[in-house]
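What follows is a single structure, written as structure tokens, with notes after it.
Being a predicted model, the structure only gives us computed values, none of them experimental. Numbering starts at 1 and runs along the sequence shown.
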Amino acid sequence: MADITTPTLTIPGGAIPVLGFGTWQAEGSDAELAVSAALQLGFRHVDTATGYGNEAQVGRALATVGIDRDDVFVTTKLPPDHAGRERQTITESLAALGTDHVDLWLIHWPPHKQASPEVWQELRRARDEGLTRSIGVSNYSIAQIDELIAATGEAPAVNQIPYSPVDHDPDLLAAHRERGVVVEGYSPLKRTDLDAEPIVAAARAHGVTPAQVVLRWHVEHDVVVIPKSVRRERIEENLGTLGFSLTADEVAEIDALGR
């Protein structure tokens, strides 16, 4: 399956693969083995965070799997309570990951529930120094994104938020696009009723699983999606999301689950 090409979305500083491999709650050797399996099967986008405690395991997988570092898009995140320690945190992340840069560095949550333009300014500085190619945020509201833009003139490349059919909000997606911000969805399956009729019907029509339909629905909406699994067969199944397309009617029927 390693010859699958993952479509990408252009962001300032690079291109982000629309299907990534999430590592939240993957720990120890499980995390390393899962990332290795994902890379061997064909994933080229790995999402981690300082707060996940598994950057070293992700780094080991990257080092041992024999894929050129520039061919893998790596994301990590700054914990909100590390505000004021941005430079130290990214330096530690790079050391753990065994790389001289990440492709995307996010503010994991708004520090003190505030937009915190001063933290955003430090991410911009790290980007300008080449420690990360692109910068963004996670769990930010549109109002908080606007605050960052007003303070610095620069929008985040990405906002990573929970996203699934039941969360579907065309106005929210449009608001991000107006600002040039790519939406990246996490917990795509955990939040979804995989027995919902439009999902089951689409799965039947395409000979795929309901989970694959949900992931494909994200891709059809140009929402980057980062499913997580530590089981090789499930990782391979998730990658199979790229092997089919949904019809416009199927997408619309799944959209309606969010109303």
Side-chain angles (χ1 to χ4, degrees), residues 1-24 26 31 34-49 52 54-55 58-59 61-63 65-77 93 97-99 101-106 108 127 132-138 156-164 173 176-177 180-189 208 211-230 232 234-246 251:
M1 289 193 75
D3 58 353
I4 284 179
T5 303
T6 307
T8 60
L9 297 172
T10 301
I11 58 175
I16 184 169
V18 294
L19 179 65
F21 183 70
T23 64
W24 181 53
V35 174
S36 293
L39 293 169
Q40 286 162 5
L41 288 165
F43 274 93
R44 290 297 178 264
H45 171 184
V46 179
D47 180 273
T48 183
Y52 298 169
N54 61 16
E55 288 173 316
V58 171
L62 286 166
V65 84
I67 295 166
D68 192 312
R69 166 68 187 91
D70 286 338
D71 291 339
V72 184
F73 188 99
V74 179
T75 301
T76 194
K77 310 182 193 80
S93 287
L97 287 162
T99 183
H101 72 279
V102 288
D103 298 277
L104 180 63
W105 194 30
L106 306 178
H108 205 155
R127 186 268 321 276
T132 179
R133 291 192 168 155
S134 304
I135 50 174
V137 295
S138 184
V158 168
N159 186 20
Q160 190 181 112
I161 57 175
Y163 214 75
S164 73
L173 292 186
H176 280 87
R177 278 174 194 145
V181 182
V182 165
V183 174
E184 183 171 11
Y186 68 81
S187 298
L189 302 175
V208 297
Q212 286 174 315
V213 167
V214 172
L215 300 179
R216 184 71 212 185
W217 172 87
H218 286 73
V219 173
E220 304 283 2
H221 277 296
D222 284 340
V223 172
V224 176
V225 64
I226 46 171
K228 169 256 168 184
S229 179
V230 294
R232 188 181 178 94
R234 182 60 56 80
I235 294 168
E236 188 164 9
E237 177 188 317
N238 290 344
L239 196 63
T241 295
L242 301 176
F244 70 101
S245 296
L246 297 172
V251 171

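The side chain to side chain contact (heavy atoms under 4.5 Å, CB included) test with His45 is passed by exactly one of Thr75, Leu19, Thr6: Thr75. If you run side chain to side chain contact (heavy atoms under 4.5 Å, CB included) between Val223 and each of Val18, Val182, Leu173, Ile161, only Leu173 comes through.
The heavy-atom pair separating Pro12 from Ser134 by the smallest distance is O-OG, 2.6 Å. Across all non-hydrogen atoms, the minimal contact from Trp217 to Tyr163 is CH2-CE2, 3.6 Å. For the residue pair Pro227 and Leu215, the shortest heavy atom distance occurs at CG-CD1, 3.8 Å. Closest approach of Glu220 to Leu246, counting heavy atoms only: OE2-N, 2.7 Å. Shown here for Ala37 and Ile235, the closest heavy-atom pair between the two residues is CB-CD1, 4.2 Å. The nearest pair of heavy atoms linking Ala49 to His108 is CB-CE1, 3.6 Å.
Expressed to the nearest 0.5 Å, how far CD of Gln160 lies from CG of Asp47 amounts to 4.5 Å. Atom CD1 of Ile11 is separated from atom CD1 of Ile135 by 10.5 Å, given to the nearest 0.5 angstrom. Rounded to the nearest 0.5 angstrom, Lys228 NZ and Arg234 CZ are separated by 11.0 Å. Distance check, rounded to the nearest 0.5 Å: NE2 of His218 to OG of Ser164 gives 6.0 Å. Atom CG of Leu189 sits about 10.5 Å away from atom CD of Gln212, to the nearest 0.5 Å. Note that CG of Asn54 is 4.0 Å distant from OG1 of Thr23, once rounded to the nearest 0.5 Å.
Inter-residue side-chain proximity for Val158 and Val224 is flagged as unmet; no heavy-atom pair is nearer than 4.5 Å. The shortest distance between side-chain heavy atoms of Lys77 and Val102 does not fall below 4.5 Å. Side-chain atoms of Thr48 and Val35, non-hydrogen and from C-beta on, never get closer than 4.5 Å to each other.
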- Show your reasoning for whether side-chain contact (heavy atoms from CB on, under 4.5 Å) applies to Arg216 and Val208. CA-CA 11 Å; Arg216 184 71 212 185; Val208 297; over 6 Å; no

- Checking side chain to side chain donor-acceptor pair (under 3.5 Å) for the pair Glu55/Ser93: CA distance, chi angles, key distance, verdict? CA-CA 7 Å; Glu55 288 173 316; Ser93 287; 2.7 Å; yes

- Derivation of the side-chain contact (heavy atoms from CB on, under 4.5 Å) call for Val74 and Leu97: CA-CA 9 Å; Val74 179; Leu97 287 162; 4.2 Å; yes

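Between Tyr52 and Trp24, the ring planes are tilted. Angles from 30° to 60° get that label.
A donor-acceptor distance shorter than 3.5 angstrom exists from the side chain of Arg44 to the backbone of Leu39, with no hydrogens or angles considered.
We find that Asp103 and Arg69 are joined by a salt bridge, their nearest charged nitrogen and carboxylate oxygen being less than 4.0 Å apart. We find that Arg232 and Glu236 are not joined by a salt bridge, their nearest charged nitrogen and carboxylate oxygen being 4.0 Å or further apart.
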